[in-house]
*Asks:* 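After the structure tokens below, expect a handful of questions from me.
Values in this document were obtained by computation on a predicted structure and should not be read as measured data.
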Amino acid sequence: MDGKAGAPRRRCLLALAALGMLPPIASRAAAPQLPAEIAARGTLVIALFASFPPMAYKLPADNRLVGVDVDLAADLAKRLGLRVEWQDTSYESAINAMATGRVDMAFSMLNRPESAARLDYVDYLTSGMQIYTLASHTSIAGPEGLCGLRLGANRRNGFDAAVRAWSNTHCVAQGRPAIQIQATEGTPEARLQLRQSRVDTVVQSSESVPYTMAREAGPYAMVGEPLNRLTIGMAFVKKSSQLRDAMRWALEQSIADGSYAAMLARHDLARNAIASSTTP
């Protein structure tokens with residue numbers, strides 16, 4: 001096309017841009033290529049944990065799967081021209097399911113440095129170890145007030161070991177008594193122990209605490225800010241770098257056009273938002 005023939009089209013594009021009728025540059029970027037097998041089947045098989053509200057859980061009334069992971073995965077997959085197939089699994093078995101090819105990737109995986117040799121992550125949410133107690137419990141003066149108290153911690157996500165390490169640094173090394181950690185098979189069990197007065201406090205990931213407090217109004221009170229800062233990501237085995245890059249692209253698109261922020265707001269997770277997939 002010569003300069004004269006192209007002039008009307010350029011004038012039209014400039015007019016549309018001035019009226020705000022063109023999509024942002026980011027949304028017009030070409031989607032990266034998908035792995036051939038996934039593109040051929042048109043389905044993305046994702047491991048998730050269907051008893052982890054508000055990330056993913058089933059509604060008692062109709063057993064429908066809902067949560068921010070469900071919404072976000074559907075949004076990202078749609079941008080890549082894919083449907084989502086969920087595989088409900090445990091946190092411990094998700095890595096093996098990826099390694100053996102039963103699933104393509106996993107959502108809601110803590111980005112752990114010790115897993116960096118096996119997994120790549122695309123972070124999409126911030127997290128942290130949030131302590132809370134019964135509202136009727138004697139006031140706990142900040143994090144150091146935890147020293148010597150009994151604390152229920154989920155061993156399945158490693159919070160028992162993480163709190164023990166925090167206690168060694170902030171309690172024992174400072175001449176204070178260690179936190180007495182009661183490892184449980186899940187956070188619901190830890191909360192039961194709290195209600196039964198078998199522990200004084202519970203640790204839970206910060207993104208799930210608002211959901212818990214909204215549905216069990218009254219009995220709990222948070223103790224300060226989270227003890228640390230973590231990130232939650234989509235996880236991929238090392239050989240899945242092509243899929244990783246495609247999902248990162250889709251997440252950046254969702255952040256840029258506001259869809260990501262709207263989804264988090266619906267689930268009361270705006271405080272856990274990231275700025276981008278590489279700079280939480």
*Asks:* Scan the side chains in residues 148-159 for donor-acceptor partners under 3.5 Å anywhere in the protein, sequence neighbours excluded, and list what turns up.
*Replies:*
{"residue": "Arg150", "atom": "NE", "partner": "Asp200", "partner atom": "OD2", "Å": "3.2"}
{"residue": "Arg150", "atom": "NH1", "partner": "Ser197", "partner atom": "O", "Å": "3.4"}
{"residue": "Arg150", "atom": "NH1", "partner": "Arg198", "partner atom": "O", "Å": "3.2"}
{"residue": "Arg150", "atom": "NH2", "partner": "Ser197", "partner atom": "O", "Å": "3.2"}
{"residue": "Arg150", "atom": "NH2", "partner": "Asp200", "partner atom": "OD1", "Å": "3.1"}
{"residue": "Asn154", "atom": "OD1", "partner": "Arg156", "partner atom": "N", "Å": "2.8"}
{"residue": "Arg155", "atom": "NE", "partner": "Glu185", "partner atom": "OE1", "Å": "3.4"}
{"residue": "Arg155", "atom": "NE", "partner": "Glu185", "partner atom": "OE2", "Å": "2.6"}
{"residue": "Arg155", "atom": "NH2", "partner": "Glu185", "partner atom": "OE1", "Å": "2.9"}
{"residue": "Arg155", "atom": "NH2", "partner": "Glu185", "partner atom": "OE2", "Å": "3.4"}
{"residue": "Arg156", "atom": "NE", "partner": "Glu92", "partner atom": "OE2", "Å": "3.2"}
{"residue": "Arg156", "atom": "NH1", "partner": "Glu185", "partner atom": "O", "Å": "3.3"}
{"residue": "Asn157", "atom": "OD1", "partner": "Phe159", "partner atom": "N", "Å": "3.1"}

*Asks:* Donor-acceptor check, side chain of Ser254 to backbone of Tyr260, threshold 3.5 angstrom: yes or no?
*Replies:* yes

*Asks:* Can you tell me how far apart OG (Ser206) and CG (Leu230) are? Round to the nearest 0.5 Å.
*Replies:*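 Between atom OG of Ser206 and atom CG of Leu230 there are 8.0 Å.
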
*Asks:* I would like to know whether Ser259 and Arg79 meet side-chain hydrogen bond (donor to acceptor under 3.5 Å, both in side chains); could you show each step before the answer?
*Replies:* CA-CA 12 Å; Ser259 301; Arg79 294 171 190 273; 3.2 Å; yes

*Asks:* Shortest non-hydrogen contact from Cys171 to Ile179?
*Replies:* SG-CG1, 4.1 Å

*Asks:* Side-chain heavy atoms nearer than 4.5 Å, only ILVMFWY residues, links allowed to pass through others: does that put Tyr121 and Leu44 together?
*Replies:*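 Yes, one cluster joins them.
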
*Asks:* Calculate, to the nearest 0.5 Å, the distance between atoms CG and CG belonging to Leu251 and Leu72 respectively.
*Replies:* 6.5 Å

*Asks:* Test side-chain contact (heavy atoms from CB on, under 4.5 Å) on Glu207 and Val68; report intermediate values, then the result.
*Replies:* CA-CA 11 Å; Glu207 73 280 0; Val68 68; over 6 Å; no

*Asks:* Is there a side-chain contact between Asp69 and Ser108, using heavy atoms and a 4.5 Å cut-off?
*Replies:*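 In contact.
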
*Asks:* Between the side chains of Thr184 and Gln193, is a donor N or O closer than 3.5 angstrom to an acceptor N or O?
*Replies:* no

*Asks:* Could you see if Met105 belongs to whatever hydrophobic cluster contains Leu65? Use Ile, Leu, Val, Met, Phe, Trp, Tyr and a side-chain cutoff under 4.5 Å.
*Replies:* yes

*Asks:* Return the CE to CG distance between Met234 and Leu48, rounded to the nearest 0.5 Å.
*Replies:* 14.0 Å

*Asks:* CD of Glu144: more than 12 outside heavy atoms within 6.0 angstrom?
*Replies:* yes

*Asks:* Check step by step if side-chain contact (heavy atoms from CB on, under 4.5 Å) holds for Thr133 and Tyr220.
*Replies:* CA-CA 6 Å; Thr133 185; Tyr220 306 120; over 6 Å; no

*Asks:* Transitively linked via ILVMFWY side-chain contacts under 4.5 Å: Leu146 with Met129?
*Replies:*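 Leu146 and Met129: one cluster.
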
*Asks:* Quick one: do the Arg102 and Thr100 side chains pair a donor with an acceptor below 3.5 Å?
*Replies:*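 Short answer, yes.
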
*Asks:* Check the pair Trp249, Leu80 against side-chain contact (heavy atoms from CB on, under 4.5 Å), reporting the backbone distance first and the verdict last.
*Replies:* CA-CA 9 Å; Trp249 173 89; Leu80 296 170; 3.9 Å; yes

*Asks:* Atom CD1 in Ile95, atom CE in Met109: separation rounded to 0.5 Å?
*Replies:* 4.5 Å

*Asks:* Side-chain contact, heavy-atom cut-off 4.5 Å: Asp71 with His267?
*Replies:* yes

*Asks:* Do other residues, nucleotides or ligands put more than 12 heavy atoms under 6.0 Å from the NZ atom of Lys239?
*Replies:* no

*Asks:* Looking at every non-hydrogen atom in both residues, tell me the closest pair between Ser167 and Ala178 and how far apart they are.
*Replies:* OG-CA, 3.5 Å

*Asks:* Run Leu227 and His170 through side-chain contact (heavy atoms from CB on, under 4.5 Å) and show every step you take.
*Replies:* CA-CA 11 Å; Leu227 297 183; His170 295 86; over 6 Å; no

*Asks:* Quick check: are there more than 12 heavy atoms from other residues, nucleotides or ligands sitting under 6.0 Å from CZ of Arg195?
*Replies:* yes

*Asks:* Quick check: closest heavy atoms across Phe236 and Leu243, and the distance to 0.1 Å?
*Replies:* CE2-CG, 3.8 Å

*Asks:* Check whether Arg112 reaches the backbone of Glu114 with its side chain - one donor and one acceptor, N or O, closer than 3.5 Å.
*Replies:* no

*Asks:* Run the salt-bridge test on Arg248 and Glu252 with the 4.0 Å N-O cut-off and return the result as yes or no.
*Replies:* no

*Asks:* Indicate the atoms forming the closest heavy-atom contact of Leu34 with Ala246, along with that distance.
*Replies:* CD2-CB, 3.9 Å

*Asks:* When you measure from the side chain of Gln130 to the backbone of Gly224, do you find a donor-acceptor pair of N or O atoms at a distance under 3.5 Å?
*Replies:*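 Present.
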
*Asks:* Cluster question for you: counting only ILVMFWY and a side-chain heavy-atom cut-off of under 4.5 Å, with indirect links fine, are Val202 and Leu192 together?
*Replies:* no

*Asks:* Testing the basics here: between Ala99 and Val237, what is the closest heavy-atom pair and its distance to 0.1 Å?
*Replies:*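 Closest pair (atom of Ala99, atom of Val237, distance): N-CG1, 3.8 Å.
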
*Asks:* Please tell me if the side chains of His137 and Tyr132 come closer than 4.5 Å, counting only heavy atoms from C-beta onward.
*Replies:* no

*Asks:* Answer yes if Tyr211 and Met213 sit in the same cluster of Ile, Leu, Val, Met, Phe, Trp and Tyr residues linked by side chain heavy atoms under 4.5 Å apart, and no otherwise.
*Replies:*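 Per the 4.5 Å side-chain linkage, Tyr211 and Met213 are not co-clustered.
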
*Asks:* Which heavy-atom pair separates Pro54 from Ser208 by the least distance, and what is that distance?
*Replies:*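 Of all heavy-atom pairs spanning Pro54 and Ser208, the closest is CD-CA, 3.6 Å.
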
*Asks:* In the structure I gave you, are the side-chain heavy atoms of Pro210 and Arg271 within less than 4.5 Å of one another anywhere?
*Replies:*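 Yes - at least one pair of side-chain heavy atoms lies under 4.5 Å apart.
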
*Asks:* Quick one: does Thr231's side chain have a donor or acceptor within less than 3.5 Å of a partner on Thr126's backbone?
*Replies:* no

*Asks:* Within this structure, what is the CD-SG distance for the pair Gln180 and Cys147, rounded to the nearest 0.5 Å?
*Replies:*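 The CD atom of Gln180 sits 11.5 Å away from the SG atom of Cys147.
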
*Asks:* Parallel, tilted or perpendicular: which fits the ring planes of Phe107 and Trp86, with parallel below 30° and perpendicular above 60°?
*Replies:* perpendicular

*Asks:* Which distance, rounded to the nearest 0.5 Å, do you find between the CD1 of Ile46 and the CG of Asp88?
*Replies:*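 One gets 13.0 Å once the value is rounded to the nearest 0.5 Å.
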
*Asks:* So which pairs with a foot in residues 161-176 pass salt bridge (charged side-chain N to carboxylate O under 4.0 Å, His left out), sequence neighbours left out?
*Replies:*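 Matches after skipping sequence neighbours: none remain.
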
